[in-house]
Amino acid sequence: MFNSLSDRLTATFKNLRGKGRLSEADVDATVREIRRALLEADVAVPVVREFTAVIKERALGSEVSEALNPGQQVVKIVNEELQNVLGGETRRVNLAKSGPTVIMLAGLQGAGKTTLAGKLGKWLTDQGHKPVLVASDLQRPNAVTQLQVVGQRAGVPVFAPEPGATSEFDDPTGDPVAVARDGVAHARAKLYDVVIVDTAGRLGIDEALMRQARDIRNAVNPHEVLFVIDAMVGQDAVNTAKAFDDGVDFTGVVLSKLDGDARGGAALSVRSVTGKPIMFASTGEGVNDFEQFHPDRMASRILD
Ligand code: GDP
């Protein structure tokens, strides 16, 4: 993950090694290389512009350190600014004070929502919670079955409309808003303390999808709305994130598929563009390939 970005930055800093003092030309050259590395990693152009402007200003500023040589000082500045762009502090899940915590998942089709539902359920179970997954994706024919398989693998129960059942909510072609609402009522009755609502995605942004997600949000009033984004997508990530932010006003971001050769663009852009924190990272297809997102650790990993 982030291999080429990481390599490019490391190579850039190597040029500064051993320099006793950085001239303005040194700083300019370094900032130029950083800009190129970020653009190649598909970081959104306005984010790159802002990021490099801050680096330049700080590197030329009066930050003198007894302990660090000028090259190390630049690495430190870049590390701190990467942390900033990734979100600063780790953002933890907002849990309900009483009654079940409702977490809604949103994102494009194939982003990794259903897989994430299992991972998040398992992670919460490991922390002593009693979660239930709710199958509100009634768009794809296999989505409900897929969530049931995911739930089984994760050892987390699934609330799903059952084919042939009599309730109006139990019709797989039925109303995802009603399923979500019913799922929360079910959790309340059965004393589950976290409800994870999987929702339908589409291949691209469309108004019907947004309306449905918004209707589900309004119906179950979630404590968290997690927007799941495939970290492999390039510059498009920003437009998708903006559209979902406008459409459902999500509370946090999950970066999925960080195990692939994700170039880093989505990770480094989404926070700046939406102002919403990255909360989790998905790093594989397995139920345990999942971690809380720590901006400081991620920044250090990129500069490793
Ligand atoms: P949804 O349409 O948003 O529910 O997406 P899915 O959960 O069905 O995921 C789409 C595909 O991506 C599936 O084949 C998953 O196995 C795969 N997938 C999901 N998360 C990850 C991840 O973190 N890493 C990798 N490599 N594959 C993932």
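Counting starts at 1 for both ligands and their atoms, following the listed order. We number each residue from 1, following the sequence as shown.
Side-chain atoms of Asn84 and Glu80 include no donor-acceptor pair closer than 3.5 Å. Side-chain contact annotation: Ser23 with Asp26, donor-acceptor N/O pair under 3.5 Å present.
Polar contact check, Lys113 against ligand 1: a nitrogen or oxygen pair lies under 3.5 Å apart. Looking at ligand 1, you'll find an N or O of Gly112 within less than 3.5 Å of one of its N or O atoms. Taking any N or O of Asp198, backbone or side chain, none lies under 3.5 Å from an N or O belonging to ligand 1. Taking only nitrogen or oxygen atoms, main chain and side chain alike, Gly284 reaches within less than 3.5 Å of ligand 1.
Residue contacts with ligand 1 for Gln139 are absent, since no atom lies close enough (heavy atoms, distance under 4.0 Å). With a 4.0 Å cut-off on non-hydrogen atoms, Thr283 touches ligand 1 through its backbone and not its side chain. The backbone and the side chain of Thr115 each have at least one atom closer than 4.0 Å to an atom of ligand 1 (non-hydrogen atoms only).
Of all the atoms in ligand 1, the ones that sit under 4.0 Å from a non-hydrogen atom of Leu108 are 3 (O). Heavy-atom contacts of Lys119 reach the following atoms of ligand 1: 23 (O) (cutoff under 4.0 Å). Within ligand 1, the atoms closer than 4.0 Å to a non-hydrogen atom of Gln109 are 2 (O), numbered from 1 in the order shown.
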Output, in order, the C-alpha distance, side-chain angles, deciding distance and verdict of salt bridge (Lys or Arg N to Asp or Glu O under 4.0 Å) for Glu224 and Arg91. CA-CA 12 Å; Glu224 296 281 8; Arg91 161 73 151 69; 2.8 Å; yes
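Side chain of His223 to main chain of Val102: a donor-acceptor pair is present (N/O by atom type, distance under 3.5 Å, no hydrogens or angles). Proximity of a side-chain donor or acceptor of Thr101 to a complementary backbone N or O of Ala96 within less than 3.5 Å is detected.
A heavy-atom separation below 4.0 Å is not found between Gly107 and ligand 1. The closest approach between a heavy atom of Gly201 and any atom of ligand 1 is not below 4.0 Å.
Atom 8 (O) of ligand 1 has Gln146 NE2, 2.9 Å as its closest protein atom, hydrogens excluded (heavy atom only). Looking at atom 11 (C) of ligand 1, its nearest protein heavy atom turns out to be Lys257 NZ, 4.1 Å. Among protein heavy atoms, atom 4 (O) of ligand 1 sits closest to Thr114 OG1, 2.7 Å. The protein heavy atom nearest to atom 2 (O) of ligand 1 is Gly110 N, 2.7 Å. At the top of the distance list for atom 24 (N) of ligand 1, counting protein heavy atoms only, stands Asp259 OD1, 2.8 Å.
No more than 12 heavy atoms of other residues, nucleotides or ligands sit less than 6.0 Å from atom CZ of Arg153.
Using cut-offs of 30° and 60° for the angle between ring planes, the Trp123 and Phe290 rings count as perpendicular.
Under the 6.0 Å cut-off for aromatic ring centres, Phe244 and Phe250 do not qualify, their centroids lying 6.0 Å or more apart.
Looking at Met232, Glu285, Arg202 and measuring to atom 27 (N) of ligand 1, the nearest heavy atom belongs to Glu285.
Taking a cutoff of 4.0 Å between a charged side-chain nitrogen and a carboxylate oxygen, Lys56 and Asp28 qualify as a salt bridge.
Here the rule is side chain to side chain contact (heavy atoms under 4.5 Å, CB included) with Phe293, and of Leu86, Thr90, Val254, Val253 only Leu86 fits it.
Clustering ILVMFWY residues whenever any of their side-chain heavy atoms sit less than 4.5 angstrom apart, transitively, puts Phe280 in a cluster other than the one holding Ile302.
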